[in-house]
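Note that ligands are numbered from 1 as they come in the structure, with each ligand's atoms numbered from 1 the same way. Heads up: numbering here begins at 1 and tracks the sequence.
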Amino acid sequence: MEAPMPLPPRESARFVAENSRDVGVDREGVRRVAELLLPAAVAWRLEQWKALHELNPRGSDEAALDWVFMVDSLNFSFWAEREERKCEVRYGGTAYTGYWALCAAVNRALDQGIPVTSASYYATVTLDQVRNIFRSDTAVPMPLLEERHRILNETGKILLEKFGGSFLNCVQKSGKSAQKLMHLIVENFPSYRDEAWFEGKRISFYKRAQILVADTWSVLEGKGDGSFEDISSITMFADYRLPQILAHLGALKYSDELLKKLLEGEMLLNGDKQEVEIRGCSIWCVELIRDCLVELLEKRGESPPVEVNAILLDYHLWDYAREHRDGMKGVPFHRTRCIYY
Ligand SMILES: Nc1nc2c(c(CN[C@H]3C=C[C@H](O)[C@@H]3O)cn2[C@@H]2O[C@H](COP(=O)(O)O)[C@@H](O)[C@H]2O)c(=O)[nH]1
């Protein structure tokens, strides 16, 4: 039976937060995080996506969009079984781990003349070639390489068949609507269908579809085809890092039973009730932090150059989590191995 149309991500998050048992949003914690981020939020700029991250594309052309599309098609599950044994990719004199190891491997391949971001290449790339492109500089390989290979072939073939092999065509079909682009991505590319059942309802998080819309907006610097008038309707991206930082900052609370499970490193299956509660409550938590931040900014008569939305808040929190990794050692992230985040 075809699954019914799911609730959109923001409504899904509200529904989960209202019915969650093992995860809760802490209103006091939400306010504290908003106050913590207020000084930085005044200065948030879209240009930071490139300025702060040397591995992100510099341009805003078709090739930059193809880079974003291919990378976000593989933007999932980098966490290592054991913290001290991680996949690492050395590039330009720096050793990158996690998500940045993926980007470093892509840029390393491009530098070697492998057209890894072209659909005509990755639609038929072999598993051996994928193993070489994403090879680690430690003994620990990047997780889920077979899935990444399958997704590259599937995604490349669809982009060639339906969009002439260029993600720009997909973006232009969205008519500058973020929601339309998100739906085009989910309808056409199966690996982006990040949905679940919760309390009898079909819900969606669409983490990779939403971050792809966000990164498209960022790489196009909010101009031309990327001037989405509804960009602020995109929610935070429910990955495994944001819940960790939100719990660390006291905005997200776990039941004793769940916290015990997470501290023991127990795996949660994608779609499990507790995994859905962590992801849904995280999205809702960031929505409330955004509302609080906007209120604080208005009270101070500040009007930042670009509207503070869940995307910029998410990007900032994700970078903050990277910078404060050592301080977060005591707070576990949930371990789910899947292709959705
Ligand atoms: N919520 C959220 N999740 C994000 C990102 C990004 C990368 N975006 C950057 C790129 C351009 C922008 O400037 C962003 O700074 C990756 N992830 C997810 O994190 C996890 C990897 O974590 P670790 O193992 O520590 O590398 C994995 O689930 C991956 O899918 C984000 O921004 N927000």
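Below 4.0 Å from some heavy atom of Lys207 lie the following atoms of ligand 1, by number and element: 18 (C), 29 (C), 30 (O). Residue Trp100 approaches ligand 1 through these ligand atoms, each under 4.0 Å from one of its heavy atoms: 10 (C). Set against the non-hydrogen atoms of Phe237, the atoms of ligand 1 under 4.0 Å away are 1 (N), 2 (C), 33 (N). Close contacts of ligand 1 with Asn56, meaning ligand atoms under 4.0 Å from a residue heavy atom, involve 11 (C), 13 (O). Within ligand 1, counting atoms from 1 as listed, the ones closer than 4.0 Å to a heavy atom of Tyr341 are 28 (O). Counting the atoms of ligand 1 from 1 in the order shown, those under 4.0 Å from a heavy atom of Leu242 are 1 (N). Atom numbering of ligand 1 starts at 1 in the shown order; those under 4.0 Å from a heavy atom of Arg322 are 23 (P), 25 (O), 26 (O).
Between the side chain of Tyr240 and the backbone N or O of Phe78 there is at least one donor-acceptor pair closer than 3.5 Å.
Residue Trp79 comes nearest to Thr336 through the heavy atom pair NE1-O, 3.0 Å, listed as atom of the first residue, atom of the second, then distance. For the pair Lys253 and Asp26, the tightest heavy-atom approach, listed with the atom from each and the gap, is CE-OD2, 3.4 Å. Phe76 and Cys338 make their closest contact through CD1-O, 3.5 Å (heavy atoms, listed as atom of the first residue, atom of the second, distance). Across Val116 and Val106, no two heavy atoms sit closer than the pair CG1-O, 3.8 Å.
Around the CG atom of Asp111, the shell of radius 6.0 Å holds more than 12 heavy atoms that belong to other residues, nucleotides or ligands. More than 12 heavy atoms of other residues, nucleotides or ligands shown are found within 6.0 angstrom of CZ on Arg325.
Checked for salt-bridge contact, Glu88 and Lys86 miss the test: no charged N lies under 4.0 Å from a carboxylate O. In summary, Glu161 and Lys157 do not engage in a salt bridge, as defined by a charged side-chain N under 4.0 Å from a carboxylate O. Salt bridge Lys273/Glu199: present, at least one basic N to carboxylate O contact under 4.0 Å. Salt bridge annotation for Glu35-Arg31: present, with a cationic side-chain nitrogen under 4.0 angstrom from a carboxylate oxygen.
The closest protein non-hydrogen atom to atom 18 (C) of ligand 1 is Asp239 OD2, 3.6 Å. Nearest to atom 13 (O) of ligand 1 among the protein's heavy atoms is His53 CD2, 3.0 Å. The single protein non-hydrogen atom nearest to atom 33 (N) of ligand 1 is Asp314 OD1, 2.6 Å, given as residue, atom name and distance. For atom 11 (C) of ligand 1, the closest non-hydrogen atom of the protein is Trp49 NE1, 2.9 Å. The nearest heavy-atom contact from the protein to atom 29 (C) of ligand 1 is Asn75 OD1, 3.1 Å. Ranking protein heavy atoms by distance to atom 22 (O) of ligand 1, first place goes to Arg241 CG, 3.4 Å. Considering only non-hydrogen protein atoms, atom 28 (O) of ligand 1 sits nearest to Tyr240 CE2, 3.1 Å.
Asp194 pairs with exactly one of Lys207, Arg208, Gln210, Arg279 by the side chain to side chain donor-acceptor pair (under 3.5 Å) rule, that one being Arg279.
On a distance-only criterion, Asp319 and ligand 1 share at least one N/O pair closer than 3.5 Å. Every N/O-N/O distance between Ile211 and ligand 1 stays at or above 3.5 Å. Residue contacts with ligand 1: Arg325 is placed with a nitrogen or oxygen under 3.5 Å of a nitrogen or oxygen of the ligand (distance criterion only).
Comparing Tyr340, Tyr99, Trp318 against atom 17 (N) of ligand 1, the shortest heavy-atom distance belongs to Trp318. Looking at Phe76, Tyr315, Phe78 and measuring to atom 14 (C) of ligand 1, the nearest heavy atom belongs to Tyr315.
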